Amino acid sequence: MEYNFRAIEQKWQAWWRENKTYKTEIDNTKPKFYVLDMFPYPSGAGLHVGHPLGYIASDIYSRFKRQQGFNVLHPMGYDAFGLPAEQYAIQTGQHPAVTTARNIARYREQLDKIGFCYDWDREIRTCEPDYYKWTQWAFIQMFTHFFDTQAQKALPISELVKHFELKGSEDVAAHCTEVLNFTADEWNAFSEKEQQEILLNYRIAYLADLKVNWCPALGTVLANDEVSEGVSIRGGHPVEQKVMRQWSLRVSAYANRLLNGLDTIDWTESLKETQKNWIGRSEGAEMKFRLKDTNIDIDIFTTRADTIYGVTFMVLAPESELVKTCTTPEQASAVEEYLDWTKKRTERERQADRRVTGVFSGSYAINPVSGTEIPVWIADYVLAGYGTGAIMAVPGHDSRDYAFARHFNLPIIPLIEGCDVSEESFDAKEGILMNSGFLNGLTVKEAIQKTKEYIVEKGIGQVKVNFRLRDAIFSRQRYWGEPFPVYYKEGLPYMIDESQLPLVLPEVDKYLPTEKGEPPLGRADNWRTDEGYQLELSTMPGFAGSSAYYLRYMDPSNNEALVSKVANEYWRSVDLYIGGTEHATGHLIYSRFWNKFLFDLGLVCEEEPFRKLINQGMIQGRSNFVYRIKDTNTFVSLNLKDQYETTPIHVDVNIVHNDQLDTEKFRNWNPEYKTAEFILEDGKYICGWAVEKMSKSMFNVVNPDDIVERYGADTLRLYEMFLGPLEQSKPWDTNGIDGVHRFLKRLWSLFYRDGQLLLNNEEPTADELKILHKTIKKINFDIENFSYNTSVSAFMICVNELYSLKCSKKAILEPLVVLLAPFAPHIAEELYRICGKNGTVCDATYPVHNEEYLVESSINYPVSFNGKVRFTLTLPAGLNKEELEKIALQDDNTIRHLNGAPIKKVIVVPGKIVNIVH
RNA sequence: GCCCGGAUGGUGGAAUGGUAGACACGAAGGACUUAAAAUCCUUUGGCUUCACGGCUGUGCGGGUUCAAGUCCCGCUUCGGGUACCA
């Protein structure tokens, strides 16, 4: 019997399906383990070979944990709402639901071929009403809650209303968009409309006029993490700033908890670092600068309170409300001109063009500490959205202020002893203060502290922590997303009743904005409540559906709740989450926020959703090239190309094997090459190669189906792991896959050769036991450390050694098969049966190594001279230092190497090495 | 600019401070075969030597150590993230 991977894999995939091998239920007799993959967006292109990398890694871990006796939850689903399906719908008129379903079917077919142990009964699709009902439901909860800054948690908005009724805005500890002041009497006298408007200022899901990232090409606003360098991440379209009334989530309220929570989870340092930077906590001081001859204060935020004596001007963001106040009649036209100009600039222009620009407002402010009079400027290097939208400029010690001061000829005062500010500012937070009144002689650190105390004491400021993290804009002017459970009455938003959920996405005639410029839902017939109120026209963004999906897997068909208490308390949180690093500032922030919110409401029992997280590296493409001789249809092999003038041309990597071109296939690949001629080397056409992005246009996309067809799923799984460390980016190179396939064939040949079953019941020798147990030890260690590439080599070494011993003993091979099962489940299942077992190998107990078999009777000692190894000595284990030294020094080789030189020192490390210093 | 990763043969990559290059691909040679595929065996960092062996070698320059790919300092370079965040 040959290793017939096609028959074996089909057989076991069918068997697993029929026997519901991967069905998971709550089982209180077993410890749980939750392994999750970041679910894919089902694109039209299907899976390429890079996608399954993380899925295979998590699959191995799931199977390993199951064999260790855990009850493993390992689900899969689809992040099915999104822009590409909608863009496709605009082009073709096909309903995105149709194309999405088709893409999902294709994904499923591809996934099934790889032999994953997903419990498909738990599959979710974010675009299904049964699923997005809970996304809408969560949104309603966010609307009806506010964030109490004292308690640091979400509380019902009704409690805030109670507070307003009794005390007005006094002593309110609620995270808000802007600080409001009103008395209880005023509150009670407000109209319903006024009250509702005020409450929006506090709700966790709120509607507000915001400066947003507007992407005209996509016809929608985008969140900060969906924009990079002034263009949209999806599609690369320009993004501009625009004020619009939008739904937002008060993520910033959770900034502190999002930051602190990082210390409690097992994520890579680099990912935590990225999140820390994104959250951007900075501790500083807020200070009031009085506008000269007025009673108006300008609030500024600074982390360098110590530099207060070096402030030579102030800058307001162009959008600041104080711009009007500060602008004098003489400067009015110049200021207006500047504001017009900044308004017209897109975010991209602003970022690309770092010229120093700004305008003097005409006003002066008074430094509250030194009493100095300083000019107030307006410039767009100060951002309205951060801090107070105004700064005190210290050109001596801030490079942006320095550039500004130089450009407009404003004074620069050095504040640190010995610093040179003639060419550039001194930004480092170190040194001894000078020119700074009562701060002179202090270190920067001491001075910051002292200034803070001083301003608090004098009532000119307060200590303040600022976060960079912004609230998440939650509206998209698009069709293919979750409808908001919102209707409007007199221009104010209200939630539809929870009993009305899900609010199902309506049909539209076209997936484009209306003539009036409303979002596509404006085209839907009767998009109103039963009472006739207009429903919200925007839909939710991509991250809405992915923010709590891990909870839904725990209890996917529950109609009463997002997740039942029982299911949540059993499965708790994700123990291992594997996915790409590109979600560091989007999904992984939003779902942590969402989970914390649900935690505050007592709906989930764990505050952090993902206990351990691993980022699999990106699989890059490896392109192949052929070299066409200029103006001909003749192609020259790689190593001969320098003799001609050639043009490199991308060639489909699927017609190249080990860099050798299949010239016949090449002729058929494209009619243009039908008559191609080749100049060969050694009878072969060798292609050049380069590592590039995996994409259709580079002809380097490799489809997992093709690999499965040619080598089988087990080979694909092993090979993806064998490529290199999981977390490292690496090019996909099919060269080398033969080695992994050969390994499986060789393993098979320990059982069957030339049609003969070799498997026997003979007693294993000590050597054979040592090989097995050494492998068990190594594999267990490697799996726990996610070092799957070295596991695969360990399996190869094991099989090679057993092969050379001609070992076909069941006592050795059966545990080996169980050990291999997480990596190559199909062949393992088949061989397990050949060993005479009945159940599935998935439930076979994972082997544990026995140290007794690993004891070495002799040790190979390298003997080195001045650290250079010259020869080795094979000596019995258990010799002590003195014995080892004596033997080594007496050895002929030692005498020869020393050649009479005196010995200075001998280092002996028992079990390791002997080093002779001379 | 800042932050985080990398850099080891022709290639992918191994190596708790202790024999650098495990394992695999590729290449070369050989066995089997009418032939090919498959399989098996041998060699394979570079230089040098008939050979034993020697020299050299983990991006570059220093250092610590009996011993450095591994630790420390200073660079070079390639990826990734982030960017007027005061």
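Just so it is clear: chains get the letters A, B, ... in the order the sequence lines come, proteins before strands, and each one is counted from 1. Source: prediction; values computed, not measured.
- The 12-atom threshold is not exceeded at NZ of A:Lys904, counting heavy atoms of other residues, nucleotides or ligands nearer than 6.0 Å.
- Considering only side-chain N and O atoms, A:Arg746 lies under 4.0 angstrom from the phosphate OP1 or OP2 of B:C40.
- Among the candidates A:Leu747, A:Leu816, A:Ile779, the single residue satisfying the side chain to side chain contact (heavy atoms under 4.5 Å, CB included) test with A:Cys798 is A:Leu816.
- Nearest heavy-atom pair across A:Leu819 and A:Phe795 is O-CZ, 3.5 Å.
- Distances shorter than 4.0 Å separate none of the side-chain N or O atoms of A:Arg870 from OP1 or OP2 on B:C52.
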Pairing string, 5' to 3', for RNA chain B - Watson-Crick or wobble contacts under 3.5 Å, brackets [ ] where pairs cross, | to another strand: (((((((..(((.....[....)))((((((.......))))))((((....))))..(((((..]....))))))))))))....

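- Using a 4.0 Å cut-off, some side-chain N or O of A:Ser282 falls inside it from OP1 or OP2 of B:A86.
- Residue A:Thr274 has its side chain nearest to B:G81 when only B:G81, B:U82, B:C55 are considered.
- Rounded to whole angstrom, the span from the CG atom of A:Asn277 across to the P atom of B:C84 amounts to 14 Å.
- Base engagement by A:Val382 is indicated by at least one non-hydrogen atom pair under 4.0 Å involving a base atom.
- Residue contacts for A:Lys904: at a heavy-atom cut-off of 4.0 Å it reaches no nucleic acid atom on any strand shown.
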Letter per nucleotide, 5' to 3', of nucleotides 8-24 of chain B [B base touched, S only sugar-phosphate touched, - untouched; heavy atoms, 4.0 Å]: ----BSS-B-BB--BBS

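- Under the 4.0 Å criterion applied to side-chain N and carboxylate O atoms, A:Asp891 and A:Arg870 are not assigned as salt-bridge partners.
- Remark: the A:Asp427 side chain and the A:Ser425 side chain contain an N/O donor-acceptor pair separated by less than 3.5 Å.
- Counted by atom type alone, A:Asp662 and A:Tyr685 present zero donor-acceptor pairs between their side chains at under 3.5 Å.
- RNA chain B is contacted by both A:Trp278 and A:Ser270; A:Ser270 maps to the nucleotide lying nearer its 5′ end (nearest heavy atom per residue).
- Within the nucleic acid shown, A:Lys684 comes within 4.0 Å of sugar-phosphate atoms alone, with no base atom in reach, counting heavy atoms only.
- Within the 4.5 Å cutoff, the side chain of A:Ile308 has heavy atoms near those of the A:Met287 side chain.
- Residue A:Lys745 places at least one side-chain N or O under 4.0 Å from the OP1 or OP2 atom of B:U39.
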